[in-house]
Engineer: 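First the structure, then my questions, so here it is.
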Amino acid sequence: MSTLNPAQKKAVEHQNGPLLVLAGAGSGKTRVITQRIARLLERGVPPSAIVALTFTNKAAGEMAERVHGILGAKGSAKRKGGPRGSAGLTICTFHSFGLGVLTRERKQAGSAFTIFDQGDCLGVVKEALRSIDAGKKFDASAVLARISNAKNAFTKPSEFAVREGDLYDEITKEVFPKYESALRTFSAVDFDDLVCEVARIWTDRADVLARWQDRYRYILVDEYQDTNRAQLTLLRLLAEAHKNICVVGDDDQAIYGWRGADVRNILEFEDHFPGADVVKLEDNYRSCKAIIDVANAVIAKRLDSRHQKVLRTSREGEEKITVLVAPTPDIEAEHVAQQIRRRIKDDHVRPRNIAVLYRSNGQAKVIEEALRSEGIGYRLVGGQQFFERKEVKDLLAYLKLAMNRHDEISLRRIVNYPARGVGEASVERLALHALAKGWTMWQAIERVDALDDVSGSAREGCRELEKIVGELRKKILIDGTQASIAARWLADRIGLKTELDANSGSPQIAAKRWANVEALFQTFSRREAREISGQEANRESALETFLNALTLDFSENEEEAKDLVTLSTLHGAKGLEFEIVYLIGCEEGLLPHSRTLDTKTTDVAPQDLEEERRLFYVGVTRAKDRLTLSRCKARGVRGKAVLRTPSRFLSDIPEERVTEVEVTGAPQMAPGELAASANALLAALDALE
DNA sequence: TGCTGCTCAGTTTTT
DNA sequence: CTGAGCAGCA
């Protein structure tokens, strides 16, 4: 598709006023956004007046790259109308956009801040729960989720409404104000603040808002169906003056409702932005006919309000998709792995063009084992995130603390790591002193000699910590040492490698952890190379900016170039495409997930069965050429073998598009106890039939 | 202070 | 059945 189709063209050519682009799966959405940006520039809109917002760093990176590609090609071919290029464009995530605004606005007010990631915030909630003696009675992450929801709806702690008899609401009502004031004392903001605070400043300060409106006259938003209320507010404020806002999304692919995304944003766009033009992209360039038929059939059954879309494709291909029925998950995995091997070996499909998708991460394990035994290389999307790893967070905590000594969460994290005699009891004593005297915890450490009830060893440890942090500050602020160098020095100074070697259990694990630390150094070096610094007024804000940016974008060395089979959750697969897709575990209780059928008290939002349908739809529409939906007749659930019902979504698929294949287990495989009991169950079932 | 053994829960997750 | 997180002990 080298030329734009009429709908795409309309979206690209539209210049002023609000525009909603309803982009069906595989309809060339990114292409429309990037071409539109190029077109705006071509018409003489200065790059600095354009902002394109995404949800992930990856999406922002890809978009920037593609815009650059178009412009680079065009620019060099016919270089006439003045400076025209992607330089100066703002293409970033909502959060880093918010960080930019906040940094600029706060700098004028002269205050620095640290960004707390989810783990840090969870620490704040846990501490608050402990302080009101409710530590183990409540799930801190459930409370944090409610706080986050409230913040995104601009609810102040004092306005938080408790639903009658909801224990989690009651505890959240108590924790919320403590959480907010803790963040303030720590000079910290959470991810939500990066969006909410901007919206708040803009609401309160017409002059500030006017400045930003003046700067950004063209707004583009990707994956609009995933925006939450705070993001909508931010966009409405920014677009208020010029009304040039173009959003692109697909309500059929709204799968983040549980995270606060409000699909009504895309459904009611025309109410929020009156006079909006609407363009529907329904031509699918990705999948062949059978897959599109299946996708359309599944999504047509949506019960909730939606923008009506029917995908079309001109791609022929396989007549049918496959539904694979296996007795148990091991056998399901075994067959999927064998088929993948055949596709690679016999049909010469590149591993990178194959994916196995599933509803929950736990399902990956059996697939991994099966792929390993077939000798097939794979890469796991998601899983434990790099920045969640302890050794990485520990090292970062030192740096964050050195830059912001109000950051008590980072302080608590490393005060006794590696062990230096400052135990839990001592920390509590220090915290108590700080509270009584109105000091920060760091001040309590600095002034430990004035405190009489702190043990000698703890005192010693505090002095040591103070010294390390002091030296670190000096290196960075006075000597101007680069972060990568300072981090290496620090790891050495605290004996991190020795610590990891001693406490990792095995040399292999120790090596892996140290490799993570090395990867952190790499990340630092890469960023230093990329960012020609010197823009910051001083070194302190340079490193602070650096660390904040790192908190928002902690991408590891990209391994995407490797030719490996992809294993991913359905959520993780959004936006990706593969020639061959296996969607495993198409069973009631898994897809749709049981927790959407039976909502827990800790859940923030009632889970929506329709969202599971959309998730299934997202899975189906990832496939270009071949799709296999698989399910098991029985599986172990919490140690017990349970018979499984096929997913309700399977029955929405037109029969004439399906080949059902029932497979059996390989008898030479030693059956585990669970497999045995599952087999017994299946035998009993057969007897009944 | 650190480890072992017990209990409990068990989706999706980016920023 | 597993893994995480905490309590109790050495």
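Only this structure's heavy atoms are used, side chains among them; waters, hydrogens and symmetry mates stay out.
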Engineer: Give one of base, sugar-phosphate or nothing for Gln118(A), where a contact means two heavy atoms less than 4.0 Å apart.
Structural biologist: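 Here Gln118(A) touches the bases of the nucleic acid.
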Engineer: State whether Asn548(A) places a side-chain N or O below 4.0 Å from either non-bridging phosphate oxygen (OP1 or OP2) of dT15(B).
Structural biologist: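 Result: no.
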Engineer: Can you measure Arg595(A) atom CZ to dT12(B) atom P for me and round it to whole angstrom units?
Structural biologist: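 Atom-to-atom, Arg595(A) to dT12(B), this comes out as 10 Å.
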Engineer: Taking ring-ring contact (aromatic ring centres under 6.0 Å, His included) as the definition, give me every residue that meets it alongside Phe616(A), ordered by chain and number, with sequence neighbours left out.
Structural biologist: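 Phe616(A): ring-ring contact (aromatic ring centres under 6.0 Å, His included) contacts with Phe649(A).
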Engineer: Could you tell me which residues satisfy salt bridge (Lys or Arg N to Asp or Glu O under 4.0 Å) with Asp251(A), sequence neighbours excluded, listed by chain and number?
Structural biologist: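 In terms of salt bridge (Lys or Arg N to Asp or Glu O under 4.0 Å), with neighbours along the sequence ignored, Asp251(A) is linked to Arg302(A), Lys309(A).
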Engineer: Mind checking ring-ring contact (aromatic ring centres under 6.0 Å, His included) for Phe55(A) and listing every partner two or more places apart, or none if nothing turns up?
Structural biologist: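 Phe94(A).
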Engineer: Determine the Euclidean distance between corresponding C1' atoms of dG3(C) and dT14(B); express it in Å to zero decimal places.
Structural biologist: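 Nearest-Å result for dT14(B) against dG3(C) at atom C1': 24 Å.
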Engineer: Are there more than 12 heavy atoms of other residues, nucleotides or ligands under 6.0 Å from atom CD of Glu369(A)?
Structural biologist: yes
Engineer: Ignoring backbone atoms, test whether Asn57(A) places a side-chain nitrogen or oxygen under 4.0 Å from the OP1 or OP2 oxygen of dT14(B).
Structural biologist: no
Engineer: Name the closest nucleotide to the His95(A) side chain, picking from dT11(B), dT15(B), dT13(B).
Structural biologist: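 Comparing dT11(B), dT15(B), dT13(B) against the side chain of His95(A), the answer is dT15(B).
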Engineer: I want to check one thing: is the phosphate of dT11(B), taken as OP1 and OP2, less than 4.0 Å away from some side-chain N or O of Asn361(A)?
Structural biologist: no
Engineer: CD of Gln231(A) versus P of dT14(B): gap in Å, rounded?
Structural biologist: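 The distance from CD of Gln231(A) to P of dT14(B) comes to 15 Å, rounded to the nearest Å.
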Engineer: Polar atom pairs between nucleotides 1-9 of chain B and protein, under 3.5 Å, N or O only, would you list them?
Structural biologist:
{"from": "dT1(B)", "atom 1": "OP1", "to": "Gly423(A)", "atom 2": "N", "distance (Å)": "2.7"}

Engineer: Roughly how many Å is it from CG in Leu380(A) to P in dT12(B), rounded to a whole number?
Structural biologist: 12 Å
Engineer: Let me have DNA chain C in dot-bracket notation, would you? Count Watson-Crick plus G-U wobble pairs, both distances under 3.5 Å, and use [ ] for pairs crossing earlier ones and | for inter-strand partners.
Structural biologist: ||||||||||
Engineer: Please identify each residue that fulfils ring-ring contact (aromatic ring centres under 6.0 Å, His included) with Tyr358(A), with sequence neighbours left out.
Structural biologist: none
Engineer: Determine the interplanar angle of the Phe116(A) and Phe186(A) rings, folded into 0 to 90°, and report it as parallel if under 30°, tilted if 30 to 60°, perpendicular if over 60°.
Structural biologist: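 Tilted.
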Engineer: With the threshold set at 4.0 Å, does a side-chain nitrogen-carboxylate oxygen contact exist between Asp190(A) and Lys151(A)?
Structural biologist: yes
Engineer: Nearest of dT12(B), dT15(B), dG10(B) to any side-chain atom of Phe191(A)?
Structural biologist: dT15(B)
Engineer: Taking ring-ring contact (aromatic ring centres under 6.0 Å, His included) as the definition, give me every residue that meets it alongside Tyr417(A), ordered by chain and number, with sequence neighbours left out.
Structural biologist: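 Applying ring-ring contact (aromatic ring centres under 6.0 Å, His included) to Tyr417(A) gives none.
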Engineer: Sticking with atom C1', work out how far dT11(B) lies from dC6(C), rounded to a whole angstrom.
Structural biologist: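 Comparing C1' positions in dT11(B) and dC6(C) gives a spacing of 24 Å.
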Engineer: Looking at dT11(B), dT15(B), dT12(B), which one has an atom nearest to any side-chain atom of His571(A)?
Structural biologist: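 Taking heavy atoms from C-beta onward, the closest nucleotide is dT12(B).
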Engineer: Can you tell which of dT13(B), dT14(B), dT11(B) lies closest to the side chain of Ser360(A)?
Structural biologist: dT11(B)
Engineer: Indicate, with a heavy-atom threshold strictly under 4.0 Å, whether Asp190(A) touches base, sugar-phosphate, or nothing.
Structural biologist: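 Nothing, no heavy atom under 4.0 Å.
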Engineer: Is there a donor and acceptor pair closer than 3.5 Å between the side chain of Arg259(A) and the base of dT13(B)?
Structural biologist: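 No.
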Engineer: Whole Å only: how far is the CD atom of Glu612(A) from the C1' atom of dT12(B)?
Structural biologist: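 From Glu612(A) CD to dT12(B) C1': 8 Å.
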Engineer: If the cut-off is 4.0 Å, is Thr569(A) near the phosphate of dT11(B), judged by side-chain N/O to OP1 or OP2?
Structural biologist: no
Engineer: Between dT2(C) atom P and Arg635(A) atom CZ, what is the distance in whole Å?
Structural biologist: 15 Å
Engineer: Rounded to whole Å, how long is the line connecting atom CD of Glu587(A) with atom P of dT11(B)?
Structural biologist: 15 Å
Engineer: Given dT13(B), dT11(B), dT15(B), identify the nucleotide with an atom nearest to the side chain of Trp258(A).
Structural biologist: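 Looking only at side-chain atoms, Trp258(A) lies closest to dT13(B).
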Engineer: Take the angle between the ring planes of Trp212(A) and Trp202(A) and call it parallel below 30°, perpendicular above 60°, tilted in between.
Structural biologist: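 Rings of Trp212(A) and Trp202(A): tilted, 30 to 60°.
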Engineer: Can you list every salt bridge (charged side-chain N to carboxylate O under 4.0 Å, His left out) pair that touches residues 589-598 of chain A, not counting sequence neighbours?
Structural biologist: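 Salt bridge (charged side-chain N to carboxylate O under 4.0 Å, His left out) check on residues 589-598 of chain A returns Arg595(A)-Asp603(A).
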Engineer: Measure from CG on Asn149(A) to P on dT13(B) and round the result to the nearest Å.
Structural biologist: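 Rounding to the nearest Å, CG of Asn149(A) and P of dT13(B) are 18 Å apart.
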Engineer: Please give, in whole Å, the distance from dT11(B) C1' to Glu611(A) CD?
Structural biologist: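 Rounding to the nearest Å, CD of Glu611(A) and C1' of dT11(B) are 11 Å apart.
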Engineer: Just jot down the side-chain contact (heavy atoms from CB on, under 4.5 Å) partners of Ala425(A), sequence neighbours excluded, or say none.
Structural biologist: Arg429(A)
Engineer: Write down the distance separating the P atoms in dG5(C) and dT12(B), rounded off to the nearest Å.
Structural biologist: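 Each nucleotide's P atom is 15 Å from the other's.
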